[in-house]
Student: 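I'd like to ask some things about the structure below.
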Amino acid sequence: MRVRALRPRWRVAAPLSLFLSAALLAGCADDPPAPPTATASPVTLTNCGEPVEVARPPRRAVTTNQAATEIMLALGLADRMVGTAYLDDQILPGYADAYAKVPVLAEEYPSKEKLLEAEPDFVYASYASAFGDEGVGDRAALGTLGVGTYLSPAGCAKEFRPARLTVDDVFAEIRDIGAIFGVPDRAAALVADHKARIAAAAETVSGAKDVHVLWWDGGTDAPSVGACCGSPGMIMSAVGVTNDFADLDGSWTETGWETVVERDPDVIVLVDASWDPAAGKQAFLAKNATLKDLPAVVGQRYVTIPFSATSAGVRVVLGVEALAEGVAALPATASR
Amino acid sequence: MPRDATVTVGLAGALVLSVAVTVTIGPADLSLGTVWTVIGDHLGLTSAGVPLLRDHIVWQLRLPRVLGAAAVGAGLAVAGAVMQTVTRNPLADPYLLGLSSGASLGAVLVIVAGLGAGVGALAGGAFLGALAAFALVIGVASRQATLTPTRTVLAGVAVAQLCAAVTSFVIIWVNEPHATQSITFWLSGSLARVDWTALTYAGPALAAVLAVVLAHARALNAFAFGEEAAATLGIAVTRVRWTLLVAVSLLTAALVAVSGAIGFVGLILPHAARFLTGADHRRLLPVAALSGAVFLVWVDTAARALFDPRELPAGVLTAMIGVPAFVILLRRREVRG
């Protein structure tokens with residue numbers, strides 16, 4: 001996972017950071033309040049432990065990664081974007097028209113030169129790698145060029161990342177972006193809508209807590225499973241089911257099949273990705289000498305969820321709905 | 001001589017005991033009774049009947065894996081010992097002739113080409129990659145059917161570098177975090193994929209190659225004094241060198257297909273075995289095989305049980321566990337051979 005490749009970045013130039021700390025003290029430390037109305041008022045908030053100061057809403061933003069791009073489009077900010085890059089999947093159909101109007105700077109990360117050619121005033125990314133050597137360079141360097149930056153909290157270095165990602169962290173990010181771009185009302189409406197949909201989805205699963213789920217992301221030697229603290233864990237807890245591997249640290253963590261057999265999950269989430277389709281996973285389970293007799297495999301108690309649903313952005317609600325719908329559609333299991 | 005016999009018999013006993021004990025250790029909380037009932041049932045000794053999943057944990061997951069660890073450990077240690085003597089290079093290991101890099105490249109190509117996460121495809125790619133690299137090394141190194149140690153080693157290093165570079169290129173070019181994640185696990189060397197099928201080809205490969213190298217134990221002793229000495233002792237130097245290099249390389253290719261490239265075992269355990277038994281290959285080879293087997297059985301048990309419910313690739317632990325043991329041995333014994 002890209003999220004695993006995080007490195008803390010301590011390269012903020014001293015004078016700049018002093019100046020910004022002062023600005024930060026004047027503002028607010030942890031919970032940035034969205035400015036109520038005025039679109040022109042300066043916004044100061046903390047992102048990954050670094051202050052982000054926006055004097056006026058950016059007009060030439062560049063996004064990298066799926067989640068950041070889709071959050072911008074969901075907030076109706078396509079007209080403020082001068083470039084996007086690095087999707088993992090097709091853009092959500094509802095945003096396809098808006099997306100088509102924004103230039104794609106690169107298939108993956110643009111080089112720094114390519115980025116600057118677009119003359120951005122703001123860069124918004126989902127993964128720390130975007131501001132790494134393989135990406136557009138570090139945030140402090142962009143800051144000295146007058147380019148503001150925002151990194152998804154889920155992509156922050158460990159000490160600034162939510163210890164256990166929840167849907168509220170994603171909502172906070174959406175509100176941050178709404179505040180930065182001067183559209184807090186749109187952000188609030190989007191969050192309210194997603195909250196309602198998540199609550200409705202969770203209601204459809206009765207006795208969710210007794211449903212023990214294995215979220216199998218991939219890996220046949222050592223299965224990589226949804227652990228406590230990342231997107232899979234967030235989606236499972238939003239639905240209310242029990243993550244059989246919540247005792248594992250990290251977002252996705254490798255375990256062994258013996259442990260899977262011992263825990264004997266009720267439902268197996270098969271992550272569907274172009275590089276590792278759910279159908280292949282299902283075939284592996286059915287053929288494996290041990291796993292073919294796992295009750296969840298015998299009963300075909302699978303829920304297929306696209307990998308893109310784990311992108312921590314506007315798709316979270318789709319992941320929650322897919323899991324809830326899939327679990328609700330399965331015949332009731334004998335309780336443990 | 002009696003002391004050496006004691007070492008061999010003692011190690012053989014330790015191997016049997018290690019298998020018997022480690023098969024009862026694992027993340028799933030199974031009692032000794034359950035484990036041995038399952039094994040008894042399958043061997044037709046008992047017919048107690050154990051719930052199906054528990055039966056599978058022991059018979060499909062643990063036992064083949066423990067036996068696989070023993071086979072891989074034994075094979076790597078023997079291959080390393082032979083490689084060190086034939087090339088007269090104490091730093092030689094089974095992967096010297098580009099085998100692990102070739103296998104890695106083969107496996108990486110299988111993974112990124114999406115030829116299926118299937119275990120068979122991966123092992124096949126690794127085996128073919130290892131053989132291709134080996135063929136390339138031999139092709140580069142041999143001149144008029146002769147094969148000198150220095151040329152062979154240098155050709156091996158060169159081909160290994162080439163394969164490693166191409167592997168890095170593919171990984172970076174494909175830039176698929178998920179694919180590279182499984183590649184990383186594979187490259188580290190792990191016994192997690194060993195099942196009965198894997199054993200049905202690793203086992204016979206090990207047995208056949210062991211027979212070949214043991215038959216050449218005297219010739220190997222002569223090699224230790226240099227080629228000319230060996231030739232004067234009536235050894236067909238070139239033929240024997242070809243035979244042994246091809247045999248241990250085929251074995252290594254089979255093992256690397258089963259487990260990925262597990263380091264340390266093939267490099268250090270032959271030296272440890274020399275400390276225990278001296279340089280006579282008639283005793284050295286069995287001792288190396290047995291100590292390699294015992295060592296890897298325990299390392300893999302640590303890899304799957306120590307960090308429960310996480311699982312580490314055994315290759316990550318071999319040196320971490322092996323080096324302290326080796327240092328103790330190094331300090332207690334005078335280096336011989």
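Naming convention: chains lettered A, B, ... in sequence-line order (proteins, then strands); numbering from 1 in each chain.
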Student: About how many Å separate CD of A/E134 and CD1 of B/I172, when rounded to the nearest 0.5 Å?
Tutor: 10.0 Å

Student: Is chain A contacted by the side chain of B/R54, its backbone, both, or neither, given a heavy-atom distance below 4.5 Å?
Tutor: neither

Student: Going from CG on B/L61 to OG1 on A/T259, what distance comes out if it is rounded to the nearest 0.5 angstrom?
Tutor: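 Reported to 0.5 Å precision, the distance equals 9.5 Å.
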
Student: Measuring heavy-atom distances to chain A, does B/L52 have an atom under 4.5 Å in its side chain, in its backbone, in both, or in neither?
Tutor: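 For B/L52, the contact with chain A is made by the side chain alone.
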
Student: Is it true that, when you exclude A/K287 itself, more than 12 heavy atoms of the residues, nucleotides or ligands shown sit nearer than 6.0 Å to its NZ?
Tutor: no

Student: Considering only heavy atoms, give the residues of residues 305-317 of chain B separated from chain A by less than 4.5 Å, sorted numerically, with 'none' for an empty result.
Tutor: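 B/D308, B/P309, B/R310, B/E311 fall under the 4.5 Å cut-off.
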
Student: Which answer fits A/D249, side chain, backbone, both or neither, if we ask what part of it has an atom under 4.5 Å from a heavy atom of chain B?
Tutor: neither

Student: Would the number of heavy atoms belonging to other residues, nucleotides or ligands and lying under 6.0 Å from NZ of A/K112 be above 12?
Tutor: yes

Student: So, the side chain of B/Q60 versus the backbone of A/T290: is there a donor-acceptor pair under 3.5 Å, distance only?
Tutor: no

Student: Side-chain contact test, heavy atoms from C-beta onward, threshold under 4.5 Å: evaluate it for B/H56 versus A/V261 and give yes or no.
Tutor: no

Student: With a 4.5 angstrom heavy-atom cut-off, which part of A/L294 approaches chain B: side chain, backbone, both or neither?
Tutor: both

